[in-house]
Amino acid sequence: MSGIIAETEAYRGRRDPASHAYRGRTERNAVMFGEAGHAYVYFTMGMHYCLNVTTEPPGNAGAVLLRAIEPLEGVEEMVRNRGQDKGVHIADGPGRLTKALRIDRSLNGEDIVTSERLFIERGPKPKRLGKSTRIGVSKGVDREWRFFVMGSRFVSKGKPPVSTQNP
DNA sequence: TTCGTGATACCC
DNA sequence: GGTATCACGAAC
């Protein structure tokens, strides 16, 4: 299965009150404090997994949450993984994305640079990027750290862009 | 808009 | 050990 990343959000460390790492390192968020290029997968809201990729050198926390992909290969498998609903609502939203791709805690800490199970390749450059504040956070709401492909049907519902830019 | 659902973290 | 909180989704 594969897809093109369509929507992400950035989370940082001690200075980002919306981040899991804000209150320091714990067993759950330990991966965020490790090497860049690893998967940070956590379980939330009693039912959803979310997938992040770490971005900072060891000691500094930081990660990018993958919020949506445009399904590319293995679409039927993704639909099966997701259960009933179909259409474009296959992987738009962090919980849907992980369910469609069958990502769970077994991938937490996975080195996506060397892994065969989970990795990122360079894809087509989006025509236009949108930017907005992050979704579902109550702190750090002023930070415009959500980025998405403008006009993509595969971006999760939510906030319109506060601004756009060419990449 | 409402509610299901369970891990986590932090305070006793 | 108790409990408030939570980077959400699906059905109303």
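Protein chains get the first letters and strands the later ones, always in sequence-line order, with residue 1 at the start of each.
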Interatomic distance, [X] [atom1] vs [N] [atom2] [rounded to whole Å]:
X: A:Met45; N: C:dA7; atom1: CE; atom2: C1'; result: 8 Å
X: A:Tyr40; N: C:dA7; atom1: OH; atom2: P; result: 9 Å
X: A:Leu97; N: C:dG9; atom1: CG; atom2: P; result: 10 Å
X: A:Glu27; N: B:dT8; atom1: CD; atom2: P; result: 8 Å
X: A:Leu65; N: C:dC8; atom1: CG; atom2: C1'; result: 11 Å
X: A:His20; N: C:dT5; atom1: NE2; atom2: C1'; result: 11 Å
X: A:Arg28; N: C:dT5; atom1: CZ; atom2: C1'; result: 10 Å
X: A:Tyr11; N: C:dA7; atom1: OH; atom2: C1'; result: 4 Å

Give me the one residue out of A:Thr44, A:Leu97, A:Leu107, A:Thr98 that meets side chain to side chain contact (heavy atoms under 4.5 Å, CB included) with A:Tyr49.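 Going through the options one by one, the only one that passes is A:Thr98.
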
Under 4.0 Å from OP1 or OP2 of [N]: is there any side-chain N or O of [X] that close?
X: A:Thr44; N: C:dC6; value: no
X: A:Arg82; N: C:dA10; value: yes
X: A:Arg96; N: C:dA10; value: yes

On DNA chain B, check which nucleotide each of A:His48 and A:Thr26 is closest to and give me the residue with the more 5' one.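 First, find each residue's nearest nucleotide; the 5'-ward one identifies A:His48.
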
Please confirm whether any donor atom in the side chain of A:Tyr42 sits under 3.5 Å from an acceptor in the base of B:dA7, or the reverse.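 Per atom types, no contact qualifies.
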
Other members of the hydrophobic cluster containing A:Phe148, with the 4.5 Å side-chain heavy-atom rule, please.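 Once heavy-atom contacts under 4.5 Å are chained together, A:Phe148 belongs with A:Met150, A:Val155.
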
With a 4.5 Å cut-off on side-chain heavy atoms, are [Y] and [X] touching?
X: A:Pro124; Y: A:Ile4; answer: yes
X: A:Tyr40; Y: A:Arg28; answer: yes
X: A:Asp142; Y: A:Arg134; answer: no
X: A:Met32; Y: A:Asn52; answer: no
X: A:Asn81; Y: A:Leu101; answer: no

[X] side chain: which of [options] is closest?
X: A:Cys50; options: C:dC6, C:dC8, B:dG6; answer: C:dC8
X: A:Lys139; options: B:dT8, C:dA7, C:dC6; answer: C:dC6
X: A:Phe43; options: C:dC8, B:dA7, B:dG4; answer: B:dA7
X: A:Ile135; options: C:dC6, C:dC8, C:dA7; answer: C:dC8

Please classify the nucleic acid contact of A:Arg134 as base, sugar-phosphate, or nothing, using heavy-atom distances under 4.0 Å.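 Result for A:Arg134 = nothing.
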
For A:Arg105, which contact category applies under a 4.0 Å heavy-atom criterion: base, sugar-phosphate, or nothing?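 Result for A:Arg105 = sugar-phosphate.
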
Could you tell me whether A:Tyr42 and A:His20 have their ring centroids closer than 6.0 angstrom?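 Centroid separation for A:Tyr42 and A:His20: below 6.0 Å.
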
Could you write out DNA chain C as dot-bracket? Rules: Watson-Crick or G-U wobble, both distances under 3.5 Å, brackets [ ] for crossings, | for pairs with another strand, dot for unpaired. ||||||.||||.

